[in-house]
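The structure appears below as structure tokens.
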Amino acid sequence: MGALSIGIGGAAGDGLARCGDILARTGTRLGLHAYAYNSYQSVIRGGHIWLTLRMGEDKVRSHGDHLNLLIALNQDTLERHAPQVEAGGWIVYAADRLTCPERLPGKDVNLLGMPVKELLKPLGKVPPVMQNSVLVGAAAHLLGLDPAVLEGVTGDIYAGKPVEVIAHNVDATRAGHAHARQHTAALNTGWAFSRTARPFLTGNQAMALGALAAGCKFYAAYPMTPVSNILHYLAAHGPDFGMVVKQCEDEIAVIHTAIGAGYAGVRAMCATSGGGFALMSEAVGFAGMIEAPVVIVEGQRAGPSTGVPTKTEQGDLNQVFGASQGDYPRAILAPVDTADAFGSVAEAFNLAERFQMPVIVMSDLALAEHYETVEHTDLDWDMPIDRGERVDDVAEADGYLRYRLTPSGVSPRALPGTPRAAHIAASDEHDEAGILLSDVFASPPMRRKMHEKRMRKLEAVAAQLPPPERYGASRPEVLLIGWGSTGGVIREAVDLLSERGVVAGQMQVKYLLPFPTGAMLEAIDTARRTVVVENNLTGQFARYLRAETGHRAHGLVLRYDGEPFTPGYIAERAQAVLTGRSQPLALSEGEARECAYHYIRSRLGDMAWPATLRRVGEHVYGEPAWEARLEGRDDGHDMGLLVIGADTGAVLALHHPIPRTQEAAHGHA
Amino acid sequence: MGALSIGIGGAAGDGLARCGDILARTGTRLGLHAYAYNSYQSVIRGGHIWLTLRMGEDKVRSHGDHLNLLIALNQDTLERHAPQVEAGGWIVYAADRLTCPERLPGKDVNLLGMPVKELLKPLGKVPPVMQNSVLVGAAAHLLGLDPAVLEGVTGDIYAGKPVEVIAHNVDATRAGHAHARQHTAALNTGWAFSRTARPFLTGNQAMALGALAAGCKFYAAYPMTPVSNILHYLAAHGPDFGMVVKQCEDEIAVIHTAIGAGYAGVRAMCATSGGGFALMSEAVGFAGMIEAPVVIVEGQRAGPSTGVPTKTEQGDLNQVFGASQGDYPRAILAPVDTADAFGSVAEAFNLAERFQMPVIVMSDLALAEHYETVEHTDLDWDMPIDRGERVDDVAEADGYLRYRLTPSGVSPRALPGTPRAAHIAASDEHDEAGILLSDVFASPPMRRKMHEKRMRKLEAVAAQLPPPERYGASRPEVLLIGWGSTGGVIREAVDLLSERGVVAGQMQVKYLLPFPTGAMLEAIDTARRTVVVENNLTGQFARYLRAETGHRAHGLVLRYDGEPFTPGYIAERAQAVLTGRSQPLALSEGEARECAYHYIRSRLGDMAWPATLRRVGEHVYGEPAWEARLEGRDDGHDMGLLVIGADTGAVLALHHPIPRTQEAAHGHA
Amino acid sequence: MATLELPIETYDGPVDPDWCPACGDFGVLKALKQAAGSLGIRPDDMLVVSGIGCSSNLPGFIHAYGVHGLHGRAVPLATGAHLANTDLTVVITGGDGDGYGIGLGHMLHAMRRNLNLTYVVMNNQVYGLTTGQASPTTGLEVVTKSTPRGNPELPLNPLAMALAAGCGYVARGFSGDVAQMAGLIAGGMRHRGFALVDVFSPCVTYNHLNTYPYFRERVYKLEEAGHDPADLAAAMRAAGESERLPTGLFYQVERPSYADREPALADGPPVKRPIKGNGDAFRSLIAAMC
Amino acid sequence: MATLELPIETYDGPVDPDWCPACGDFGVLKALKQAAGSLGIRPDDMLVVSGIGCSSNLPGFIHAYGVHGLHGRAVPLATGAHLANTDLTVVITGGDGDGYGIGLGHMLHAMRRNLNLTYVVMNNQVYGLTTGQASPTTGLEVVTKSTPRGNPELPLNPLAMALAAGCGYVARGFSGDVAQMAGLIAGGMRHRGFALVDVFSPCVTYNHLNTYPYFRERVYKLEEAGHDPADLAAAMRAAGESERLPTGLFYQVERPSYADREPALADGPPVKRPIKGNGDAFRSLIAAMC
Ligand SMILES: Cc1ncc(C[n+]2csc(CCOP(=O)(O)OP(=O)(O)O)c2C)c(N)n1
Ligand SMILES: Cc1ncc(C[n+]2csc(CCOP(=O)(O)OP(=O)(O)O)c2C)c(N)n1
Ligand code: SF4
Ligand code: SF4
Ligand SMILES: [Mg+2]
Ligand SMILES: [Mg+2]
């Protein structure tokens, strides 16, 4: 059997991340590959959190399209996700707290309602979240995970907590495992369990490790989802590597502090998300102008503006490309997966120092926060380090020209403190010595030559970058073109298309600037159709591709509701492009149900749920619509009809039911 | 005779702007058209300032390529510009202060050395700048300007100064005029002098007036070249129109203040240059998200970073297009000349309010600061005003949905204070009522629909914008494509090409977003060759054009030394494209001379000047080079040889001369 | 607390707050409603502006006009809305990170301008929404997610800063005492000019040091200690206390507000004036260019 | 002034200043050279960082390492350079608009962090380089290009702000007294932590109110008036004076600097440490992920 997907749902504060962590670590210690994505909200307690963990014996590159095992921590989760469990799958929940109405699960789906209170009784008075460990134990049994390893992992995950907490959790998983084993057989996964553990980490952690391995000695940050974890990680571990970690008062201070450190001679990095990067943008051009190295991580999240801060998007390409006024040299890299996140950061430092310029590494919430197993060799401590041309001493006073107009555009750098090389690095245009051209010594031709010198550096950068990697058929019917973090999921989509008989290929762009125009055009030439796949509304990369190559993709697969792609989503829409069908914009039934949920929860509280949906024509409401019948969650009584426009998504009407008393009266009349 | 160009040169603090002003106003009051461009530096006193004033009977659209009359306020000006005066032209200067060596002027150039001290003697003790009025008087005579009008203008320009200052200046112009008339005849300009005065104003003033006419009631700003004058102008006059003018502590405060005012219901504007806009960029997306109207003027200057703050460039297109994270609706307009600057601002307000979004008006230093005559009808107080759909009262409490999901994407707006329409406008994604989707009420499909609603507004904007204006031949051999401020100079280049027998046309793009893709493709189809003309290094617009249309221009005419285009510069390089010649990147002789000047003035002071230049091959220095022979400014003695790389612009060597004493010794040996 | 002109439910928002149970911000929300009710401000005439943070979510939980702005920028946003429509009562709500960190400069400049705004800062001495990093008011040596080896920075003293910046109304409340806080906020709303109400508003999830009991043990009321709010030096001294923690009105002085000095506001709020201004003035500007 | 360890010409820059003749900034440049000379700081070990403004052009006119940064951002830029190489003597120079306007927040946070930086602000109470608009220290009612009907804002009191922010070295100089200023700057450079030297540095072109004679009539020296720089309350009082204008050292207190508290600096400046850190620590981080 291939990979299996486990979904865990609950509210913020339900301790859901830890459930996932324990299951995943147990699997990975046993030698499995794993991939975990957590869909959560910007709220500290409450809401609906949905974690998907996919595990298997081969490399897992996305959280997938399936649901084989559901762990429901609350009623909401059962209601929303039980119908999604596939045939042969299982639903695990606390039977003494939740009820799983019969109508919810599909055919051949098994229920494992656990008597949580009873199983926990031997432990004495324990907090309600302890249910989680019981359910995790049960799930571990279903997955055939060795209970000894499970117990070890549980202990490790709770390390640092009081001993009785650790003991209780270990006991609870054990109880859950034992009870499940008594009542049902494990799934037939066919997994062999090599028991060689791979590192299981997030993109953020990979980047932090990449910085440490590259010898970065300065990290400045201001907290912002989805990159705050880099700060937490480096604040905890950086000092052991001689790294100064500085939280600043805002992102403007962050980047200037990093540039100051880079100018003074250390490898310096900072990270932020779109809004923080907007604030930094003036300084990015400044670094380009004074030719100071600095590495900036831009972790995209769903915008515009504050947007949906805990959701993913690839919507900042325009911003990163356009950052700061004027033209200046810089490179933009978008790592294609977790392993590449490590390498890209390390590479960014080499580019930044060799070419004395800012280098931006574009990540996004999905890459930054999802966990994935990588190989040990992907995290290479001994990567090559190139610090660029330096001047360590100057014989003659006044003999040093910081901005010498060289054919390569690179002017050897003297750090402050270097004897006899004192000079000024100015944000104003300057001459070879650094003397300002903006003031009395204006000189249009000198300005022109200095500007050309800086930009000339990009020619050498372009020459040294490897071409984008290609996957799949060499003469594909459809070439999927992606950029950055979607490398894994698009690859799975290519495999899926192949399974469905579509000859497909993939070009995943990592180097956005300088852009691999030649290689892209060559790849495009081999394909009958091209489809750009990206996580945003306007197709920013598709436009970018056209700007750089003139090629207009035959179709786009976009997603901009905050969720990351799945292979099935991509494959289905790519096939639609091939058959000339247009991308659906109207609300699907599932989406209409979620819209109804949103309306109910925000306006009517949690007594109702959208029991059934019906599509109606546009004659009444001016557009086709979905009618959701609302029912009481307790006894299924009629709570009215909610009408949602299928095109606009607008709530077109809420028809209240005839009040029960009145209805009764009618009945008796 | 057509238009004539008058050049006035001196140092900052020499009162040069006023000279130009008096001459220009005298001409425009007499019915002439005029265009003035001032090339200056970021220094309060000193440096080299060069003002070009071009006047004639027909509309003048650029400062041109010629020099017919030079007014030199210092020796530097004579040295640098006397050789540029064309045959039949004149050089006016204070003969008792400066000397004009014979070698400088070309053939058929006339010198008018004025005995300034003598002419000023009757006025008693007056400051040295009074020379200016004498020279202006002389120039007015040469141009055939009515001395009575000249005196009136002088009085007006000095209005507000002490009466004796006014009187002295009037007397000085009179004396200059009289002396010149005694000694030489006026030029034969053939000008008829209709004596109907047109407004003579800068792009900044046109924008400020546009805002006043559009009913803008709030202007926020932070000083920054080249838009500070909008602040000065509106601070002085805005309150008479009920406009609040607020200088803030930085650009971030500026834009938020403007957005706050726009949200609260007044028409609000702000202006900045590239660096300030970078700081504003986060907020631009915020305005897009909460759907608040605001107008932002981005006055570009030579970047990157602080760059050359008093020089022009069109280098911020990438930044403005890419401003802020994520996708959000907004419009970008780039007025094509001074008259259009007025109309564009007014139009921007209508777009901003009708579509409830930020609108950015892109200007640049050349447009912002050059003076030009426009027609009275260009500055129309009675322009139409469209304030968009509003809700002024809501019958039922809770009946109002601020972000209603409408088919057009526009949701009627209720201002704070409107009864029963209280709601929240959030930078987080939200539903129709404004309730946040980022927190407990997350809903991917609602997010998708709200995102689509906002972006849908741009379809209606695109539908209502007029296509770009076209000039010249309908089936041109070469179509010059420009954007924004270069409308006038490119038009003159088209005329020049036509004169030279090249069938040329022009498309000047004003609406950058939404982009007129269809109209552009049609225009491109009519031309054999396209050449994009823009004031920056990388051809930002050419890339933009390719992104929007797929069309790659056949050639580019770029300029990025800080100076604005002239018709001749464009025509010459466009012709080079047609004949397959590549754009020259090596330093021209004139540029090499300016580089030598820069080196001399910054390193050696002002005793030397680069007397002659010689081109040498690359065998000695690794690249072809210019050898500049330096001579003493006083007696022409040898001061050495300066070698400047023609490709890189680097100073390759400075060979000191054999010291004079030594030389003398040799001679005697 | 004075009797309410409008009942507190007048201001009940469209959704329930999603703060953690027992978060200090609940107290602030209640106090703000009481303050508005005590002054009888209609929800339609009130505008609540915030930045980003747990505390900055407040405008979503009150029935009034609201703008949930960008992190750190509530003050200039409120400034623009206020100057465009001086008839609105504009209140700013936010956190210590938002207001005293990234937004510090804006706040201090607004104070010296004496803009007619009331600023309520829920100072929980931590970044709540981003899950617990050090804020500008986190104490020296305190361990947080971003300072696992102890905070190396001296905390900022917001009240001292406000006093030094010339703020004309400086007060401090505590979420454990809603009645006092409501009075302080109402006082700020009545005050002609900028008013700062700093509030000890415990973050029960990420700050286990500055808790309700921590404050209960330390707070005392200035009004009960004979403090004279007209005495700037005494206010400065009180602001400097760190063993016991004074609450109440530290300082108040009346000066003309910015709006009082702005010539363009002489004829009323710009939003209520006709869109077209003075055509004659326009024509004379054009004439001056000829 | 103490005798010079290095002659003042040591610091002569590559070009002559292009300030207007008699601009107050000439005095500051001279005082800075004297201060550096008195401490014997080699130009190669000194870094002068600025923002944008006439005053911020200073690093171009002195022989030392210099960064002419962005408007308002000199403080964080200097912070990074300082922490990367704590062996450098880092001085920040700039104007009132740059430092007290757009850069105010950065400065105040740097003060509470007690970063080892010396900040010299040429406070000419106007925006010079942009040709004469109101600055945060322009007086109430003063007419400038941006306030043709009089400035409606109270000026900011930089010394009071610095004192409230916990700055450990607060001084004021006057361009008319280079010797005193040199001493104050040298004191700031010697001080372990953040030092502010605010300077009355007249803009002779755009400020015709706060001129040399204006200051000459009003200044007096704190050291001659028996002021005790250890007394914070007295410093605050002196900062509040507006009739007579005290110059000299207002306040000084020694506290550990930020660098003293930063664990990563324990083994010396990061720039001097080997590029590769601790491989074993790296491997144990990886192990913890398995
Ligand atoms: C420009 C920008 N940077 C960072 C963030 C991330 N962010 C959101 S809230 C917050 C801190 C909030 O702290 P505080 O103001 O104290 O509010 P609290 O949550 O503690 O109430 C940060 C840093 C952001 N939204 N925008
Ligand atoms: C982001 C940004 N905004 C605005 C400017 C324009 N600007 C340059 S200098 C300056 C003011 C300088 O005033 P101050 O700091 O007092 O220096 P001074 O010239 O008076 O010495 C401004 C606003 C800029 N360079 N960058
Ligand atoms: S995290 Fe803290 S501040 Fe945020 S809601 Fe919870 S208790 Fe309140
Ligand atoms: S404008 Fe003022 S501050 Fe600038 S150089 Fe001149 S006198 Fe000095
Ligand atoms: Mg907080
Ligand atoms: Mg100043």
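As a basis for the values below, the full set of heavy atoms in this structure was taken, side chains included, without hydrogen atoms, waters or symmetry mates. The chains referred to below are lettered A, B, ... by the order of the sequence lines, with proteins before strands, and numbering in each begins at 1.
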Heavy-atom distances under 4.5 Å only: say whether [X] touches chain A with side chain, backbone, both or neither.
X: B/Glu594; result: both
X: B/Ser273; result: neither
X: B/Val651; result: both
X: B/Ala12; result: neither
X: B/Tyr544; result: both
X: B/Ser39; result: neither
X: B/Arg456; result: side chain
X: B/Arg603; result: side chain
X: B/Ala302; result: both
X: B/Asp428; result: both
X: B/Ala586; result: backbone

Once you round to the nearest 0.5 Å, how far does [atom1] of [X] lie from [atom2] of [Y]?
X: B/Lys311; Y: A/Glu429; atom1: NZ; atom2: CD; value: 12.5 Å
X: A/Gln41; Y: B/Ser443; atom1: CD; atom2: OG; value: 10.0 Å
X: B/Lys449; Y: A/Leu587; atom1: NZ; atom2: CG; value: 5.0 Å
X: A/Gln325; Y: B/Glu298; atom1: CD; atom2: CD; value: 8.0 Å
X: A/Leu437; Y: B/Asp561; atom1: CG; atom2: CG; value: 11.5 Å
X: A/Met455; Y: B/Leu537; atom1: CE; atom2: CG; value: 6.0 Å

Heavy-atom pairs under 4.5 Å with chain A - which of [options] has more of them than the others?
options: B/Gly47, B/Ala547, B/Gly315; answer: B/Ala547
options: B/Met289, B/His430, B/His451, B/Met446; answer: B/His451
options: B/Gly275, B/Ala442, B/Gly288; answer: B/Gly275
options: B/Met280, B/Arg552, B/Gln540, B/Gln300; answer: B/Gln540
options: B/Ser305, B/Ala323, B/Cys595; answer: B/Ser305
options: B/Gly276, B/Ala278, B/Gly622; answer: B/Ala278

Discussion item. Could you report the tightest heavy-atom contact between B/Asn318 and A/Asp327, atom names first, then the distance?
Written reply: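 It is ND2-OD1, 4.3 Å.
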Worksheet item: For A/Arg447 and B/Pro304, which heavy atoms make the closest approach, and how far apart are they?
Response: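 Here A/Arg447 and B/Pro304 meet closest at NH1-CD, 4.2 Å.
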Fill in: Validation row: A/Glu282, B/Glu251 side chains within 4.5 angstrom (heavy atoms)
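Sidechains of B/Glu251 and A/Glu282: no contact.
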Discussion item. Just so I know, are the side chains of A/Val440 and B/Arg601 near enough to count as touching, which here means a heavy-atom distance under 4.5 Å?
Written reply: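 The answer is no; the side chains never approach within 4.5 Å.
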With respect to chain B, which residue among [options] yields the maximal number of heavy-atom pairs within a distance under 4.5 Å?
options: A/Ala592, A/Ala11, A/Gly274, A/Gly307; value: A/Gly307
options: A/Thr549, A/Ile644, A/Ile49; value: A/Thr549
options: A/Asp431, A/Ile435, A/Asp647, A/Asn536; value: A/Asp431
options: A/Arg404, A/Lys453, A/Glu452; value: A/Glu452
options: A/Ala650, A/Gly303, A/Gly409; value: A/Ala650
options: A/Ala426, A/Ala542, A/Ser324; value: A/Ser324

Worksheet item: Is a donor on one side and an acceptor on the other found under 3.5 Å between the side chain of B/Arg448 and the backbone of A/Leu585?
Response: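 Judged by distance alone, yes, a pair lies under 3.5 Å.
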Item to complete: Check whether any side-chain N or O of B/Glu563 sits under 3.5 Å from a backbone N or O of A/Pro444 as a donor-acceptor pair, and report yes or no.
Response: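 No, the answer is negative, given that no donor and acceptor are paired below the 3.5 Å cut-off.
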Worksheet item: So, are A/Arg543 and B/Glu548 salt-bridged, with charged N and O less than 4.0 Å apart?
Response: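 Yes, A/Arg543 and B/Glu548 are salt-bridged.
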Worksheet item: Is it the side chain or the backbone of A/Ala433 that comes within 4.5 Å of chain B heavy atoms, both, or neither?
Response: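 Both the backbone and the side chain of A/Ala433 come within 4.5 Å of chain B.
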Worksheet entry | B/Thr306 and A/Ser438: CA distance, side-chain angles, deciding distance, side-chain contact (heavy atoms from CB on, under 4.5 Å) verdict | CA-CA 9 Å; B/Thr306 310; A/Ser438 47; over 6 Å; no
